[in-house]
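Below: the structure, in structure tokens.
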Amino acid sequence: MKLSLLRNGLRQSGGRRAVFVASAVFVGLFTVLQLIGLIALRGYPHAAGPVLVLAAVLGLGWAVLPLFFPGGDETLDPTRLVMLPLRPRPLVRALLVSSLVGIGPLFTLCVFAGSVVALAHGPAAWLAGAVGAVLGPLVCVTLARTVAAANVRLLTSRKGRDLAVLSGLVIAIGAQLVNFGVQRLGASGLGQLDPVADVLGWVPPASAVGAVRAAGDGAYGTALAQLALTGVALVLLLRMWAGHLVRLMTAPDGSTVRAADGGSGRARGTSGLARFLPPGRTGTVMERTLRYVWRDPKTKAAWVTSLAIGVIVPLFNAWQGTGSVYFACFAAGMLGVQMYNQFGQDSSAFWMVAMTISSPRDAYVELRGRALALLLVALPYATAVTVLTTAVLGEWGKLPRALGLSFALLGAMLAAGAWASARFAYSVPQEGHRNVAPGQVGLAWFSVFGGMLAAALLCAPVIALTVWLHVSSAGEGLEWLVLPVGAVYGAAITLLGLRVAAPRAAARLPEILAAVSKG
């Protein structure tokens, strides 16, 4: 079945065949380079550190990727086999064998084989490696199948498919963590990973590789224990997988269970945060905006990514001793970008908002509500990141300047974002990984990068004041003034930007509606 699905899928279109061939070539080249790197580590005294970390990360990848890319393998959905006369245990064996067919399992097998070559010294180590090179990939594949079976109801739903949007967050945060780790290793050497390797040697599937190191060092009991641990993990995963299959193939779901009586639900009232928001349209717009952030997958992914990167960049640089308190402005900048393309975030639902805008005053209140919703998160967040960065660096005397610049930058980006939303609105497709509808890439570039340049120019007076107070003898002892000046300037420039953008938004309402509904 797996080979038939693969063959029939490739027959559907030439583009799919081209993607498959290109992926196979890329993974093949990467596998060869990975093997060369692992073999080059042979004989290096600290080789166990990077090898065990690589095995652990590979196992983590097998556990996480099915959640983000559920459509990558049609056989990941066992509910398609429910109507066939198959028992769960034989089905587990069959699916496990079919799972070993593909580019991913081949890459995993090569990585574990290269890890054995890097660490094996002596006959006992090679024997342990022969067993570990088989157990490791089996644990990885079984882990992926168990995670997919446990979450198959989610993965086959609309919300589950939208979960793939969060893969960008994982990549963004992961890239920052990898960059930080590489910098630390470059400064201190691979020996820094030895304590980590001692722990990962007891975590499957890395324990299969740890057994090779232990056998090479003559710790045969430890090697047997690590291999046994890997085998036990494999057996437990297989049993969990079989249990999930039994429930999926016998338990009823929402399509077979009658919905509960509508009268049993509790009446919804004004909830939580809504009680503390301003009355009228302003509070309504703020609540709607915050609900989008919480419920819409792409909006949530953009916000979480901005929040994560905004704190990672300044704090990680501060911990390395290479940062500055002014790096904390990165937090305000990352959240300020969320003000851009405000109407495009509504997609085709913007027509409901457009029906309520009949004058520049209506447009101003709409933009003001959206800006206040962003400020509700951005102000305490930017303040907290600035204080934390200052605390790590111990430069408390620069805190007022850094906070003032952050507030001014946030206000400038809100002002520029409001104008860009009215002038360069574009659609954000609800399905797939695209964040810009086809044909609107130019608008997106003008909106974001043009708006960021405008924000930098708007923030220039506060930057100039900060520099002058720092270098001038006349400003000695007055650098604290940057904080109140930056806060007042940020608020004033935000109001000015909203006032300028509102008439344009009201006048261009038909064009904005057509642009944001394109996707």
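Heavy-atom basis, side chains included; hydrogens, waters and symmetry copies ignored. Just so it is clear, the model here is predicted, and its values are computed rather than measured.
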Non-hydrogen side-chain atoms of V97 and R93 separated by less than 4.5 Å: no
I'd like to know whether L238 forms a side-chain contact (heavy atoms from CB on, under 4.5 Å) with L96, so could you lay out the CA-CA distance, the side-chain angles of the two residues, the decisive distance to 0.1 Å, and finally the verdict. CA-CA 9 Å; L238 288 172; L96 180 59; 4.1 Å; yes
Distance-only polar pair, side chains of R401 and H470, donor-acceptor under 3.5 Å: yes
When you compare the side chain of W126 with that of V116, does any pair of heavy atoms fall below 4.5 Å? yes
Donor-acceptor pair, side chain of Y381 and main chain of L376, under 3.5 angstrom: no
I'd like to know whether W303 forms a side-chain contact (heavy atoms from CB on, under 4.5 Å) with L374, so could you lay out the CA-CA distance, the side-chain angles of the two residues, the decisive distance to 0.1 Å, and finally the verdict. CA-CA 10 Å; W303 272 72; L374 194 150; 4.0 Å; yes
Using modelled atom types only, decide if a donor and an acceptor are shared between the side chain of T289 and the backbone of A373 within a distance under 3.5 Å. no
If you define the side chain from C-beta out and look only at heavy atoms, does anything of M413 sit under 4.5 Å from V337? yes
Between the side chain of R42 and the main-chain N/O of V117, is any donor-acceptor distance below 3.5 Å? yes
Just by modelled atom types, is the Y426 backbone N or O under 3.5 Å from a matching donor or acceptor in the N341 side chain? yes
Between the side chain of Q342 and the main-chain N/O of Q338, is any donor-acceptor distance below 3.5 Å? yes
Between the side chain of Y292 and the main-chain N/O of Q345, is any donor-acceptor distance below 3.5 Å? no
Kindly assign one of parallel, tilted or perpendicular to the pair F26 and F30, based on the angle between their ring planes and the thresholds 30° and 60°. parallel
What heavy-atom pair brings A378 and L410 nearest, and what distance separates the two atoms? CB-CD2, 3.8 Å
Close side-chain approach of S207 to W202, heavy-atom, < 4.5 Å: no
Where do V141 and L100 come nearest, in terms of heavy atoms and distance? CG2-CD2, 3.9 Å
Between S99 and L95, which heavy-atom pair has the shortest distance, and what is it? OG-O, 2.6 Å
Answer yes or no: is there a donor N or O on one side and an acceptor on the other, between the side chain of K398 and the main chain of V325, under 3.5 Å? no
Hey, does the side chain of Q226 reach the backbone of G201 with a donor-acceptor pair shorter than 3.5 angstrom? yes
By side chain to side chain donor-acceptor pair (under 3.5 Å), which residues pair with D217, not counting sequence neighbours? none
Looking at every heavy atom in both A208 and G132, which two are closest together, and how far apart are they? CB-O, 3.7 Å
Closest heavy-atom pair, L409 versus C329, reported as atoms and distance to 0.1 Å, is CD2-O, 3.5 Å
Checking side-chain polar atoms at under 3.5 Å, does W62 have a donor or acceptor matched by the opposite partner on T108? yes
